[in-house]
Amino acid sequence: MIKAFVKRLPELQGFHGEGVTFLDEHEAETISSNYVRLKTGQSTPEGCHDDEEEVYVITGGKARLILGDATHEVGAGDVVYIPRDVVHQATCISAEDFEYICVANWPDRLPKLTAHS
């Protein structure tokens with residue numbers, strides 16, 4: 001059964017490294033979410049998903065973000081939407097760590113049905 005929860009990011013194992021998944025697929029119906037941290041020059045793997053949408057909420061630093069054929073400079077306070085089938089990759093371009101929350105959604109996935117008491 002899926003349950004509501006509160007987690008404190010800084011207390012999760014992996015938070016002080018490159019990031020941590022804080023809402024896993026088995027904990028929700030159609031989404032997951034993670035916190036990502038990149039050091040200067042580090043990049044995420046290139047991604048492209050035919051079954052997944054993503055939203056990034058940038059919380060620190062700056063990055064060069066490839067979205068399909070376009071490149072954007074993003075920083076704290078920016079929100080990024082990545083639809084299906086769009087190639088994407090982030091590279092930290094600031095001395096400060098590039099940090100963001102990623103929320104991924106699988107729109108075609110049926111919600112897990114739970115019995116209510």
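Every heavy atom of this structure was used, including side-chain atoms; hydrogens, water molecules and symmetry mates were not.
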If you measure from CD on Glu18 to CG on Asn34, what distance do you get to the nearest 0.5 Å?
12.0 Å

Do you reckon Ile66 sits in the same ILVMFWY cluster as Val86, going by side-chain contacts under 4.5 Å, direct or chained?
no

Measure the spacing between NE2 of His16 and CG of Leu9 and express it to the nearest 0.5 Å.
10.0 Å

Using side chain to side chain contact (heavy atoms under 4.5 Å, CB included), reason through Phe98 and Ile93 one step at a time and then give a plain yes or no.
CA-CA 8 Å; Phe98 178 61; Ile93 59 171; over 6 Å; no

So which heavy atom on Val80 is nearest to which on Ile82, and how close?
CG1-CG1, 3.9 Å

What about Tyr81 and Val79, same hydrophobic cluster or not, with Ile/Leu/Val/Met/Phe/Trp/Tyr joined at side-chain heavy-atom distances under 4.5 Å?
yes

Cluster link Val103 to Leu12, ILVMFWY, side chain under 4.5 Å:
yes

Can you name the nearest heavy-atom pair linking Leu38 to Ala90, along with the distance?
CD1-O, 3.7 Å

Same cluster or not: Ile101 versus Leu67, using hydrophobic residues (I, L, V, M, F, W, Y) connected whenever any side-chain heavy atoms lie under 4.5 Å apart?
no

Does a side chain donor of either Asn105 or Thr30 reach within less than 3.5 Å of an acceptor in the other side chain?
yes

Within the structure provided, determine whether Glu73 and Lys62 are in side-chain contact (heavy-atom separation under 4.5 Å).
yes

Determine, for Glu27 against Lys7, whether the closest basic-nitrogen to carboxylate-oxygen distance falls under 4.0 angstrom.
yes

Looking only at heavy atoms, the pair that brings Gln89 and Pro45 closest together is NE2-C, 4.2 Å

For Cys102 against Ser33, the heavy-atom pair lying closest together
O-OG, 2.9 Å

Are Arg84 and Asp108 within salt-bridge range, i.e. N to O under 4.0 Å?
yes

How close do Glu25 and Ser32 get, counting heavy atoms only, and between which atoms?
N-CB, 4.0 Å

What do the steps show when you test Asp85 against His49 for side chain to side chain contact (heavy atoms under 4.5 Å, CB included), and what is the final call?
CA-CA 5 Å; Asp85 296 316; His49 319 287; over 6 Å; no

Ring centres under 6.0 Å, that's the criterion: do His88 and His72 meet it?
no

Cluster overlap Val36 with Phe15, hydrophobic side-chain contacts below 4.5 Å:
no

Spatial distance of atom CG (Leu65) from atom OH (Tyr100) [nearest 0.5 Å]
8.5 Å

Given the side-chain rings of Phe22 and Tyr35, with only the six-membered ring counted for Trp, is the space between their centroids under 6.0 Å?
no

If you measure from CZ on Phe5 to CG on Leu23, what distance do you get to the nearest 0.5 Å?
4.5 Å

With the threshold set at 4.0 Å, does a side-chain nitrogen-carboxylate oxygen contact exist between Glu99 and Arg37?
yes

Can you tell me how far apart CD1 (Ile31) and CD (Glu53) are? Round to the nearest 0.5 Å.
12.0 Å

Residue pair Asp51 / Pro107: nearest heavy atoms and the distance that separates them:
O-CD, 3.7 Å

